[in-house]
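When reading the values below, keep in mind they use all heavy atoms of this one structure, side chains included, and skip hydrogens, waters and symmetry mates. Each chain gets a letter, A, B and so on, in the order the sequences are listed, and its residues count up from 1. Model, not experiment: these values are computed from the prediction.
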Amino acid sequence: MERQKQQKRVGLKPLPNAIEGEVILRFAPNPNGPLTIGHSRGVVINSEFASMYSGKVVLRFDDTDTRVKPPLPDAYNWIKDEYEWLVGRPADVIIRASERMPVYLDYARKMLEGGFGYVCRCTASNFKSLRDNSTACDCRDNSIDVNIQDWNSMNDGTINEGDAVVRVKTDLDLPNPALRDWPALRIQHAPHPMVGELYKVWPLLDFQSAVEDHLQGVTHIVRGKDLMDSTRKQTLLYEHFGWKYPETLYWGRVKVHEFGGFSTSGMREDINQGKFNGWDDSRLPTISALRRRGFQSQAIREFWLDLGLTQKDISISMQNIESINSTIIDSNSERRSFIRNPQNLRLEPNGFEVPNKLQLLRHPDEKIEGFREWKIIDDFLIEKDDYADEIRLKDFADVAIDDNLATINSFERTDKRAIAHWLPINHSREASLITPSNDGFKTDEGFIENIDLFEGMILQLERVGFARIEKIPENGAIELLYLHG
RNA sequence: GCUCGUGUAGUGUAGUUCGGUCCAUCAUGACGGACUCUCGAUCCGUCGACCCGGGUUCAAAUCCCGGCACGAGCACCA
């Protein structure tokens, strides 16, 4: 009897309660830096769900903090572009929380007027100790009039930063203390990089996000499970307003072996201190760095889609992304010779008639048609590591090496001697291959086969690995950035 | 500590809703081999897992109970 073999489901699981054409999702980063590989999970998963249901994605900049994680003005455009690069099309709607401030402040007032919010003038630590005992603070019983008065004082700057916050009334006996009378808005007098000093009171994530999700008609929220309590807080607010909370899904925490965790503010500080050369420093787990090295957006997409949506905390390796990237770029990457740590040799014909031209395939399986044509002269290079009594010059000849003389034994491959890549010096140009590593960069000086090269080209250096051409200067060495094997 | 969540091979993942088609899927990895004038690609093979203990049942990765482990939240950050 034939057993039916188990199969692996492909693609994301269906979204609960999704109606074709009516799904609205959102991706809401803080523009305090460009996107990291961690963010890309949100971009990929949300955009994939949207395309599964012909829905939309709202790209929302959650930039309501001017103090702890202040926005970086450049980051808005970086993120917009990186989103587009990852998805292949722009987000359907793009909004900034900071430009929507009047709306949030209006809803805050409505909350106070509705009596389900109040201005609390306790210190954070006092409130916390009351809260932990399920005890109301004195401010909680203030009349609506008093609350509105205090609210006005918060907004006109009469009440100082740190001296008041607006809270959402909840059941103080909620089992989870974190949810009890949670803070919705606070005072921040620091100027906002985008809107300046227009506002004294700024909403916190849980309030801003909750109101905006409702206003944008978001039907499904997919977010990290660290935000589970946010869902619960926001649901309480929705109940007050009489709104229906979106379906919510979560993913677990992700660590990448090669990078560890990734904190945008941490990187920002390190860059400012000069530990990195910028956001696209190839040692950083940012999208701009991966892109610069030659990772394809398709590889990043496939990677996250294969992981799918689970609440497990995972620790993954760049090897997985590299493997996917390899299969994508292998067929369209031309081959070139790159000689690290070169050794000069001179060809001794030994009575053989040496052809003056050699045609080498641009791609071994001819996925790319055509040849690189070498004019053979006597002087050529091999890597010092390949130096041996007898080697095979790839695609050319068996040679015996004595000192720096390479005597041709045969053009045919006659034995199992090691194959080495090589390069006639008339086709060589100085190049340095930079490989990012944990403690800096490793630089291999050498010579690259100087045929049809251009900046941004991703090629496979024979017997070395994939690399991207960073720069071809007028004079001096070509700069190569190592991608992976 | 309190609250919430998660446990399938080295890594990641499918299967868990409605127990049998599961001596458990796929990818990656490691190892071995074939092929190839790259340490690339391709092909073949091998390795390797249901957190633990009870229970229900003819039958449990799947249901129930009890442990254990790990993670997150408990910010006037997002």
**Q** Using the P atom as the point on both nucleotides, what is the distance between B:U16 and B:C51, in whole Å?
**A**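 Between the two P atoms, the distance is 15 Å.
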**Q** Within a strict 4.5 Å, meaning less than it, do heavy atoms of the A:N160 and A:I187 side chains meet?
**A**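 No, too far: nothing below the 4.5 Å cut-off.
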**Q** Give the dot-bracket string for RNA chain B, reading 5' to 3', where a pair is Watson-Crick or G-U wobble with both distances under 3.5 Å, ( ) marks pairs inside the strand, [ ] marks pairs crossing earlier ones, | marks a partner on another strand, and . marks unpaired.
**A** (((((((..(((.......[.....)))((((((.......))))))...(((((..]....))))))))))))....
**Q** Please classify the nucleic acid contact of A:L205 as base, sugar-phosphate, or nothing, using heavy-atom distances under 4.0 Å.
**A**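 The residue A:L205 makes base contact.
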**Q** Which residues pass the side chain to side chain donor-acceptor pair (under 3.5 Å) test with A:N152, sequence neighbours left out?
**A**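 So A:N152 forms a side chain to side chain donor-acceptor pair (under 3.5 Å) with A:R109.
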**Q** Using the side chain to side chain donor-acceptor pair (under 3.5 Å) criterion, which residues pair with A:N320? Sequence neighbours excluded.
**A**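 Result, side chain to side chain donor-acceptor pair (under 3.5 Å) vs A:N320: none returned.
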**Q** Looking only at the side chain of A:P183 (C-beta and beyond, no hydrogens), which of the listed nucleotides B:G73, B:G12, B:A75 gets closest?
**A**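 For A:P183, the side-chain atoms sit closest to B:A75.
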**Q** How long is the straight-line distance from CD of A:E197 back to CD of A:Q188, given to the nearest 0.5 Å?
**A**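 Those atoms lie 12.5 Å apart.
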**Q** Mind checking if A:S315 touches a base, just sugar-phosphate, or nothing, with heavy atoms under 4.0 Å?
**A**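 Result for A:S315 = sugar-phosphate.
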**Q** In this structure, is the centre-to-centre distance between the rings of A:F61 and A:Y76 below 6.0 Å?
**A**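 When the ring centroids of A:Y76 and A:F61 are compared, they turn out to be within the sub-6.0 Å range.
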**Q** From the list B:G5, B:G12, B:C77, which nucleotide is the closest neighbour of the side chain of A:Q188?
**A**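 Minimum distance to the A:Q188 side chain belongs to B:C77.
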**Q** On a whole-Å scale, what distance lies between the P atoms belonging to B:C64 and B:A24?
**A**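 Straight-line distance between the two P atoms is 25 Å.
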**Q** I would like to know whether A:Q298 and A:E302 meet side chain to side chain donor-acceptor pair (under 3.5 Å); could you show each step before the answer?
**A** CA-CA 6 Å; A:Q298 188 193 341; A:E302 283 180 21; 2.8 Å; yes
**Q** Do A:L249 and A:L15 come close enough that some side-chain heavy atom pair is under 4.5 Å?
**A**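 They are in side-chain contact.
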**Q** Whole Å only: how far is the CG atom of A:D63 from the P atom of B:A78?
**A**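 Rounding to the nearest Å, CG of A:D63 and P of B:A78 are 10 Å apart.
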**Q** Show each protein N/O and nucleotides 15-19 of chain B N/O combination with a separation under 3.5 Å, one pair to a line.
**A**
{"unit_1": "B:G15", "atom_1": "OP1", "unit_2": "A:R9", "atom_2": "NE", "d": "3.1"}

**Q** Is the closest side-chain heavy-atom distance between A:R60 and A:R100 below 4.5 Å?
**A**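 No; the side chains remain at least 4.5 Å from each other.
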**Q** Whole Å only: how far is the NZ atom of A:K8 from the C1' atom of B:A9?
**A**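 The answer, rounded to whole Å, is 13 Å.
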**Q** Rounding to the closest angstrom, what is the interatomic distance between B:U57 and B:U11 at atom C1'?
**A**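 B:U57 and B:U11 have their C1' atoms separated by 36 Å.
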**Q** For A:D330, what residues pass the side chain to side chain donor-acceptor pair (under 3.5 Å) criterion, not counting sequence neighbours?
**A**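 Here the qualifying residues are A:R335.
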**Q** Please, which pairs that meet salt bridge (charged side-chain N to carboxylate O under 4.0 Å, His left out) have at least one residue in residues 181-195 of chain A, sequence neighbours excluded?
**A**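 Every pair satisfying salt bridge (charged side-chain N to carboxylate O under 4.0 Å, His left out) with a residue in residues 181-195 of chain A: A:D65-A:R186, A:R140-A:D181.
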**Q** Provide the distance between the two C1' atoms, one in B:U25 and one in B:U8, to the nearest whole Å.
**A**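 It works out to 11 Å between them.
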**Q** First locate atom CG of A:N142, then atom CD1 of A:I148, and finally report the distance between them rounded to the nearest 0.5 Å.
**A**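 A:N142 atom CG to A:I148 atom CD1 measures 12.0 Å (nearest 0.5 Å).
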**Q** Once you round it to whole Å, what is the distance between C1' of B:U28 and CG of A:L307?
**A**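 Checked: the CG to C1' distance equals 11 Å.
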**Q** Going by heavy atoms closer than 4.0 Å, what residues in residues 169-178 of chain A are next to RNA chain B?
**A**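 When residues 169-178 of chain A is checked for heavy atoms under 4.0 Å from RNA chain B, the hits, listed by number, are A:P175, A:N176, A:P177, A:A178.
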**Q** Do the ring planes of A:H484 and A:F295 sit parallel (below 30°), tilted (30 to 60°) or perpendicular (above 60°)?
**A**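 If you compare the ring of A:H484 with that of A:F295, the planes turn out tilted.
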**Q** Tell me: CZ of A:R232 to C1' of B:C2, nearest whole Å?
**A**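 Nearest whole value for this atom pair: 13 Å.
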**Q** If the condition is side chain to side chain donor-acceptor pair (under 3.5 Å), which residues does A:R468 pass it with, not counting sequence neighbours?
**A**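 Here the qualifying residues are A:E470.
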**Q** Once you apply a heavy-atom cut-off of 4.0 Å, does A:T64 come out as touching a base, just sugar-phosphate, or nothing?
**A**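 Touches sugar-phosphate only.
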**Q** Hey, does A:I324 reach any base, or is it just sugar-phosphate, or nothing, if we go heavy atoms under 4.0 Å?
**A**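 It contacts nothing in the nucleic acid.
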**Q** Give, for atom CD1 of A:I287 and atom CH2 of A:W279, the distance between the pair rounded to the nearest 0.5 Å.
**A**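 One finds 13.0 Å between CD1 of A:I287 and CH2 of A:W279.
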**Q** Please state the C1' separation for the pair B:A9 and B:U46 - nearest whole angstrom.
**A**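 Their C1' atoms lie roughly 14 Å apart.
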**Q** Pick base, sugar-phosphate or nothing for A:G162, based on heavy-atom distances below 4.0 Å to the nucleic acid.
**A**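 Base, at least one base atom sits under 4.0 Å.
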**Q** Give me the distances for all protein-to-nucleotides 6-8 of chain B N/O pairs that come in under 3.5 Å?
**A**
{"unit_1": "B:U8", "atom_1": "OP2", "unit_2": "A:K312", "atom_2": "NZ", "d": "2.4"}

**Q** Establish, with yes or no, whether the OP1 or OP2 oxygen of B:C77 is under 4.0 angstrom from a side-chain nitrogen or oxygen of A:R186.
**A**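 Yes.
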**Q** By a strict heavy-atom criterion of less than 4.0 Å, which residues belonging to residues 127-138 of chain A are in contact with RNA chain B?
**A**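 Under 4.0 Å from RNA chain B: A:K128, A:R131.
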**Q** Rounded to whole Å, how long is the line connecting atom CZ of A:R253 with atom C1' of B:G5?
**A**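 That distance rounds to 13 Å.
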**Q** What integer number of Å spans the C1' atoms of B:G15 and B:A27?
**A**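 Straight-line distance between the two C1' atoms is 16 Å.
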**Q** What distance, rounded to whole Å, do you find between the two P atoms, one in B:A78 and one in B:G71?
**A**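 Rounded to whole Å, the distance is 26 Å.
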**Q** For nucleotides 32-41 of chain B, read 5' to 3', which letter fits each nucleotide if B means a protein heavy atom sits under 4.0 Å from the base, S means only the sugar-phosphate is that close, and - means neither?
**A** -----BBBBS
**Q** List the steps, then state whether side chain to side chain contact (heavy atoms under 4.5 Å, CB included) holds for A:W374 with A:S337.
**A** CA-CA 11 Å; A:W374 287 6; A:S337 193; 4.3 Å; yes
**Q** Hey, are the side chains of A:M318 and A:I37 touching, using non-hydrogen atoms and a 4.5 Å cut-off?
**A**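 A side-chain contact under 4.5 Å exists here.
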**Q** When rounded to the nearest Å, what value does the distance between C1' atoms of B:C68 and B:G54 take?
**A**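 Here B:C68 and B:G54 have their C1' atoms 14 Å from each other.
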**Q** Mind jotting down which residue pairs meet the ring-ring contact (aromatic ring centres under 6.0 Å, His included) criterion with at least one end in residues 380-399 of chain A? Sequence neighbours excluded, please.
**A**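 As it turns out, the ring-ring contact (aromatic ring centres under 6.0 Å, His included) pairs with a partner in residues 380-399 of chain A, which skip direct neighbours, are A:F380-A:W422, A:F396-A:F411, A:F396-A:W422.
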